[in-house]
Amino acid sequence: MNLAQPTGGSTPVIETRDLRMRYGSTEVLRGVDLRVHRGEVVALLGPNGAGKTTTIEILEGFRRRSAGEVRVLGTDPDHGNEAWRARLGVVLQSWRDHGRWRVRELLDHLGRFYAPYRTAERPRPYPVDELVDLVGLRDRADAVVARLSGGQRRRLDVAVGLVGRPDLLFLDEPTVGFDPQARHEFHDVVHRLSELEDTAILLTTHDLDEAEKLSDRILILAGGTIAAEGTPAELATRVAGTAEVRYRRGGEQRTHAVTDATAYVRELFARHGDAITDLEVRRARLEDVYLALVREFESGQRTEAFHELKELAV
Amino acid sequence: MSAATVAVRTGLHRGRIEFRQGVTSGQDLWMTLYFPVFALVVMFFLRGRTVPGTDFSLGAQAVPGILGMNVVLVGLVAVAMVLTMDREDGTLLRAKATPNGVLGYVVGKVVSRAGMTVLGLLVPLLPSAFLFDGLRLGDAAAWLTLTWVLALGLVAVLPLGIVLGSLFESVQGLSVVTLAGMALMGVSGVFYPVTALPEWLQWIAQVFPIYWLGLGLRSALLPDALVMAEIGESWRHLETVGVLGAWAVLGLLLAPPVLRRMARRESGARMAARREKALRRPM
């Protein structure tokens, strides 16, 4: 896989090579290669059970990998010390902690741990007032955490993730269970974040739309590897160049993704003539390919869509 | 200032906040005071009966033992429960995601729970002063003894609470500990002089902190004449320091590695799995 280096050869904040994870006899990750650069917003997109959370927990240093090379901010997460930890922000899928604390009180408290790790370019912790503004919780700054709505709670989690002004922020499935309004507000927060100085964000999602909206680059995780990667526009263009040809031959339904549909169909008729029925040609959309991939992944088979994406990725 | 020093100070900050939350929460106060409330009411009705061989009220004689038992319930059992709940809701994982956060978390927990334990001892003393005659509450020497017994007791039970809270995955699992505590209470002379029990039961009682906390507090709060109801007719301060000290050393040795092991294994996925299990459990 050919990885572009948008920041001109600087060391990536995340780099994995042949990352593998096995639970018992099940291999969840079968060689994941990924890179995230400084200040970049990257979405790790994949269906449920694809290993997104496993990947992110390995990167956070919460889970030991089975094999492979991993560097996060230049350090192996299995051996990350507290100074390394101070440069990371972690937002898990579901925190319910500190329900009795007040928003401002909690941010102030957790921020104190980061003070010893401040540098000239990264004053730590992040001032609490700026932080509550950034995540849109100014009106709720004195509220008890347990009384926040789901969306507010998640924005508080992001604020906690940012309180140490991290070089790298992990967001695991940030909008699961949100109503459209909460989702929209959350996306606004992430957009504001991406304008922040030099904070790279790795977020996981199973929602293509969300990945397209939020990220500079999408990595599709399926079948235990990165099946495709690129900017949303790149992925869309690559897919737009292909089409899906469906037809029936000898009573059997067939589907093929091809780059030159016209030539393919001409060839098809030349070879099989009248045996071809129910012909249908459709321009592929990224969503179609992704959904097909998810369906196949969930039914336990990884076939055409997977290879199709693989080809696209090359 | 080193990062660890900052974490300890931040932990003290956390302890103060959690203690404040504890004293303003009905649920926490109830968890801290339910046992002495029930026990003192029962003892109030038994105040007419006397300790065998004396004319001292059996009810008053039981007050220190009840308070000692409560030190174990609040300082050990409740600490273990709080720790287990903090793992379930992600408080501990949050600490893990914060630099030196686990250190700060533990310092905060020790401070806030020690505060609640002291509260659980002192608050019931107030009504006791009115309900029972003969407690040496106006005596400075009594308060001095009470202070060192309580301090040593805290050092003995808090680390054990942390160890048990780290070992058990769920609050339900901890009910074993609560049951064991209740069984021990029965043989530890909390309600009735331990000398009334068969000798082998007395030996079992003398292995655990409940008996010694009770004995230490009785030596502080009861008139000296009551010493005749104790084993060897002595308050045995030296042995009290010895046994509680041994538990303290054991707890302090075990707590850091057990806690570290538990914290290392903690992850979001584990937390989610535990919660799912808890939700499926019929209530």
Side-chain angles (χ1 to χ4, degrees), chain A residues 21 23 28 51-58 60-64 78 80-102 105-106 108-118 124-125 144-146 157 160-161 163-164 166 169-170 172-173 176 204, chain B residues 1-28 82-83 85-105 107-108 112 263-276 278-279:
Chain A
M21 189 67 189
Y23 297 111
V28 181
K52 301 189 297 293
T53 297
T54 298
T55 306
I56 215 165
E57 286 197 347
I58 289 170
E60 289 163 347
F62 286 173
R63 188 173 284 278
R64 277 169 193 274
D78 283 356
N81 59 15
E82 300 301 316
W84 172 78
R85 174 68 58 208
R87 298 173 61 199
L88 298 181
V90 171
V91 180
L92 292 188
Q93 276 185 38
S94 53
W95 297 106
R96 294 177 303 141
D97 61 309
H98 291 95
R100 292 163 155 195
W101 291 58
R102 291 178 190 281
E105 184 180 58
L106 180 61
D108 165 65
H109 171 72
L110 292 173
R112 294 175 186 216
F113 287 96
Y114 293 88
Y117 301 101
R118 69 160 65 93
R124 295 181 160 112
V144 173
V145 172
D157 292 334
V160 173
V163 75
L169 179 70
F170 294 103
D172 195 5
E173 300 274 359
V176 165
T204 68
Chain B
M1 210 170 2
S2 84
T5 317
V6 171
V8 169
R9 287 169 61 123
T10 309
L12 296 175
H13 175 248
R14 161 173 289 260
R16 274 200 306 279
I17 292 176
E18 286 185 347
F19 180 68
R20 195 198 64 217
Q21 288 165 349
V23 295
T24 52
S25 141
Q27 193 194 347
D28 267 33
V82 168
L83 210 69
M85 289 190 291
D86 279 354
R87 281 157 87 193
E88 261 174 16
D89 73 13
T91 304
L92 208 104
L93 194 57
R94 178 80 80 196
K96 197 182 154 179
T98 311
N100 305 296
V102 176
L103 176 60
Y105 168 83
V107 170
S112 62
R264 196 174 52 235
R265 292 166 45 143
E266 211 52 27
S267 74
R270 270 178 86 90
M271 194 173 83
R274 248 193 325 262
R275 192 178 52 248
E276 212 151 275
L279 287 176

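Here is the naming used below: chain letters follow the sequence lines, and residue numbers restart at 1 for every chain.
More than 12 non-hydrogen atoms from other residues, nucleotides or ligands lie less than 6.0 angstrom from CZ of Arg96(A).
Using a 4.5 Å cut-off between heavy atoms, Met85(B) does not touch chain A at all. Heavy-atom distances place no part of Trp84(A) under 4.5 Å from chain B, backbone and side chain included. Of the two parts of Asp78(A), neither the backbone nor the side chain holds a non-hydrogen atom closer than 4.5 Å to a non-hydrogen atom of chain B. Looking at Arg112(A), the atoms closer than 4.5 Å to chain B (heavy atoms on both sides) sit in the backbone and in the side chain alike. In this structure, chain B has no heavy atom under 4.5 Å from any part of Gln93(A). Proximity to chain B (any heavy atom under 4.5 Å) is shown, for Val163(A), by neither the backbone nor the side chain.
Of all heavy-atom pairs between Tyr114(A) and Ala97(B), the closest is OH-O, 3.8 Å. Heavy-atom minimum distance, Phe113(A) versus Thr10(B): CE1-CG2, 3.4 Å.
Val6(B) is not listed as a side-chain neighbour of Tyr117(A), based on a closest heavy-atom distance of 4.5 Å or more.
A salt bridge (Lys or Arg N to Asp or Glu O under 4.0 Å) check over residues 80-91 of chain A, counting only residues at least two apart or in different chains, returns the pairs Arg87(A)-Asp167(A). The list of salt bridge (Lys or Arg N to Asp or Glu O under 4.0 Å) pairs with a residue in residues 10-23 of chain B, not counting sequence neighbours, reads Glu105(A)-Arg20(B), Arg14(B)-Glu18(B), Glu18(B)-Lys109(B).
Salt-bridge check for Asp157(A) with Arg94(B): passed, with a basic side-chain N closer than 4.0 Å to an acidic carboxylate O.
Here Arg264(B) contributes atom CZ and Arg64(A) contributes atom CZ; the two are 6.5 Å apart, rounded to the nearest 0.5 Å.
Options Leu103(B), Asp28(B), Thr5(B) differ in how many heavy-atom pairs under 4.5 Å they form with chain A, and the most are formed by Asp28(B).
None of Arg270(B), Arg265(B), Lys96(B) except one satisfies the side-chain contact (heavy atoms from CB on, under 4.5 Å) rule with Phe62(A); the exception is Lys96(B).
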